[in-house]
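These numbers come from a predicted model, not from an experiment.
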Amino acid sequence: MAKGLSKEIIQKITKISKNAGISIQTFLSTGNANDIPMEILKIHFNNKLNNKKQVLNNMRLWRENIAPVELITEDINEYSRKILTLPSCYLATNFIPRSTIGHAHAGHCAFQSRSMINTTLDDVISDEVLLHFKKGNSPIYFNRYDFLLETQNAIDTIANLVHDAVENPSRMMDVTQGGIESPIFGIPFWNKFDSQALLKGIFYAGYFDNYDTVRIKAEKKYNIDLGGGESYIINHKLIQKLGINVTDLTSADYQDEILNMLNSNQRIELFKNLGIIMDVPRIDFSHVTNWNDVKDQCINVTDAKYYQFFQEYIRTKKGQGISDDIACMAAAFIDFNPQDTKRDGFYYKSLSNGANMNDFIDTLSKASLLYAQGGLDQAISDFANHMWLRKIRTDKRYRENHNINLHEIEQRIEKQGTEDFALVSLKELSDLAAICKNPMENEIHSSARYFIRMFDGTYALEQEAMINQRRLKSFRANVKVIGEPSEYLIGENIKSQIPIGFNKIKLNNIILYLDKSIYPILSDPANRSGLIEKRYASEQSE
């Protein structure tokens, strides 16, 4: 018997392979499901789809695990009453329904310990649910389209900010004097930026979640498990018929034995072959001149032809993941050189704020009007990289105004073999991803809604920015800003007991972790690789 494959599975595949006239020796000899020819895999799963009795049972069980409208509505309204959000952030109400997915899958809050594992975000933002999500006596959204349009408008705001940053002739951007909503998303100190730093921060955050290029490079180099995945457009009916639960996709832990044994590339290829996920081409940036050119290549999820599909994250590989909090703070150390006096407090602040902005887009794009393979956060990053590279290649005055050495950029591109990482090198992206791995003892992770939760007059986004400013000063970086009375840009009162992220870890404990394991590596760019290797060698020996 082939190792790892049950006798029953082998008999089934042997039978269907004989019927198809296909040899199965290639995988029987090794016992590796990844050696099963794609043609045989397709026959096997199409066979399951043709088993009407099993399909009806799968669909019944699947639908029993979708949360009813009443429970979803109760959860949203209860959570909206409890959450303390920054009043000026108009996206606060947009984030609230998104939290219900986690509650439903885990059996928390209104779901009273019953895991409704096949609830999707489309279920949560259905017309019927949203009509009961009210401010006073009026619905906040009258239908799903209203919700998706608001989300898309917010995403477009950041894309337009990228365009303005690329075209901005001077270093300083003041959005209060432009056509863009000010401050961005209503967050008080998202109003002035260093345009070059903003672009780098936005680009970086669109890629620190990327597994296939960035995280896998860090895993191989430092022998660590970051894990990761990507969002896809999924055929609702087909996964029901095959009994593939939503949480199977998000956890990479499948009930089907063969699916569980396939590697992620083989599994994704199979899903595409079966029509479970839509094979969507990546955005082609070769002729893109503005954000509308990108949007024209996206899928509009409200088109009638996509009514059977929904967007969902498929985990590529299990791992500890990356702390969003730490990753956004680490953005301030992109291309870090404490001796560079041309960088100041606005520059460092703009790096981190750009990262936070695109991390918001990562949250928003999971339910937006448009879909792009890789996510709209990555699409915005690619847009920034493409537009910026074209600008610096064609505009000498722009390069001089922003102190850009085109020769160094071209050398980086030649060394990497791709133009995709002109703004921030792939090496730096993968190293920062490795540094920002979640600690083994606890996950330090916020989402957009946690970044803007207010506690005792302040919120995580502000507190984390203040910690960065203080540490940058201790590393002898220039945090002063001409015309500013203070060395700090946003107050000086660090509240060490503010709870951070899903696990509500006290900020003081996070500061201790940062000072021990993160800042010493970030602040020493010349020796980063060696320090990362030393850190993980030490962890693995414990």
Side-chain angles (χ1 to χ4, degrees), residues 79-80 82-89 91-92 95-96 98-99 101-103 106 108-109 185 187-190 201 204-205 208-209 226 319-333 348-349 351-364 432-433 435-472 474 488-522:
Y79 188 69
S80 67
K82 288 181 178 179
I83 190 170
L84 300 175
T85 57
L86 185 66
S88 59
C89 181
L91 287 174
F95 292 138
I96 288 171
R98 299 169 188 269
S99 64
I101 292 297
H103 299 167
H108 291 165
C109 302
F185 299 159
I187 294 174
F189 60 94
W190 282 6
Y204 157 81
F208 65 58
D209 278 341
L226 294 176
Q320 285 180 247
I322 286 176
S323 164
D324 282 18
D325 294 76
I326 296 172
C328 289
M329 295 173 76
F333 294 84
Y348 296 116
K349 169 194 168 188
L351 283 168
S352 287
N353 283 344
N356 278 117
M357 283 180 194
N358 212 2
D359 195 49
F360 274 40
I361 302 306
D362 178 46
T363 297
L364 293 168
L432 288 172
I435 293 167
C436 300
K437 180 173 71 73
N438 268 311
M440 295 179 70
E441 60 274 13
N442 212 334
E443 184 180 89
I444 303 171
H445 183 73
S446 295
S447 66
R449 67 183 182 274
Y450 275 86
F451 280 128
I452 62 169
R453 287 185 75 174
M454 183 172 281
F455 299 90
D456 193 23
T458 188
Y459 54 107
L461 202 59
E462 182 179 18
Q463 292 291 306
E464 292 176 354
M466 284 191 279
I467 295 167
N468 252 10
Q469 290 290 320
R470 291 197 178 183
R471 292 302 181 269
L472 284 162
S474 72
Y488 301 102
L489 302 176
I490 47 169
E492 298 189 23
N493 183 21
I494 293 177
K495 299 183 179 180
S496 61
Q497 297 306 304
I498 185 172
I500 299 295
F502 304 140
N503 295 328
K504 299 179 176 58
I505 303 169
K506 300 300 182 185
L507 182 59
N508 189 57
N509 293 331
I510 293 176
I511 294 172
L512 292 174
Y513 176 72
L514 290 168
D515 285 340
K516 177 186 176 183
S517 301
I518 305 297
Y519 282 128
I521 303 176
L522 291 176

Please identify each residue that fulfils salt bridge (Lys or Arg N to Asp or Glu O under 4.0 Å) with Asp209, with sequence neighbours left out. Arg215

Rounded at 0.5 Å granularity, tell me how far CD in Gln497 sits from CG in Asn509. 7.5 Å

Check whether any side-chain heavy atom of Ile187 lies under 4.5 Å from a side-chain heavy atom of Phe451, and answer yes or no. no

Is it the case that more than 12 heavy atoms not belonging to Lys506 sit under 6.0 Å from its NZ atom? yes

Any side-chain heavy-atom pair of Asn493 and Thr458 under 4.5 Å: no

Across all chains, not counting sequence neighbours, the side chain to side chain contact (heavy atoms under 4.5 Å, CB included) partners of Pro499 are Phe455, Lys504

As an exercise, state the distance from CG of Asn508 to NZ of Lys495, rounded to the nearest 0.5 Å. 15.0 Å

Measuring from Thr363:OG1 to Arg98:CZ, what's the distance to the nearest 0.5 Å? 7.5 Å

Are Ile498 and Asp456 close enough that some pair of their side-chain heavy atoms sits under 4.5 Å apart? no

For Tyr450 against Gly501, the heavy-atom pair lying closest together: CE2-O, 3.3 Å

Do Leu432 and Leu522 touch side chain to side chain, with heavy atoms closer than 4.5 Å? yes

Taken in chain and number order and not counting sequence neighbours, the residues that satisfy salt bridge (Lys or Arg N to Asp or Glu O under 4.0 Å) with Arg471 are Asp515

Gap between atom CG of Asn356 and atom CE of Met329 - 0.5 Å precision: 10.0 Å

Nearest heavy atoms of Ile96 and Ser99, plus distance in Å: O-OG, 2.6 Å

Give the minimum heavy-atom separation between Ala355 and Ala331, together with the two atoms involved. CB-CB, 3.7 Å

Return the minimal non-hydrogen interatomic distance between Ser446 and Phe502, and the atom names on each side. C-CZ, 4.4 Å

Below 4.5 Å, heavy atoms only, C-beta onward: do Tyr519 and Ile435 meet side chain to side chain? no

Side-chain contact, heavy-atom cut-off 4.5 Å: Phe95 with Leu364? yes

Hits for side chain to side chain contact (heavy atoms under 4.5 Å, CB included) against Ala327, two or more places apart or cross-chain, chain-then-number order -> Tyr204, Phe208, Ile322, Cys436

Is there a side-chain contact between Met466 and Glu462 in this structure, where contact means two heavy atoms from C-beta onward sitting under 4.5 Å apart? yes

With sequence neighbours excluded, what pairs up with Ser323 under the side chain to side chain contact (heavy atoms under 4.5 Å, CB included) test? Asp325, Ile326, Asn438, Ile444

CG (Leu351) and CG (Leu472) are apart, to the nearest 0.5 Å, by 9.5 Å

How many angstroms lie between atom CD1 of Ile452 and atom CZ of Phe360, to the nearest 0.5 angstrom? 5.5 Å

Using the test salt bridge (Lys or Arg N to Asp or Glu O under 4.0 Å), find all partners of Lys437 that sit at least two apart in sequence or belong to another chain. Glu539

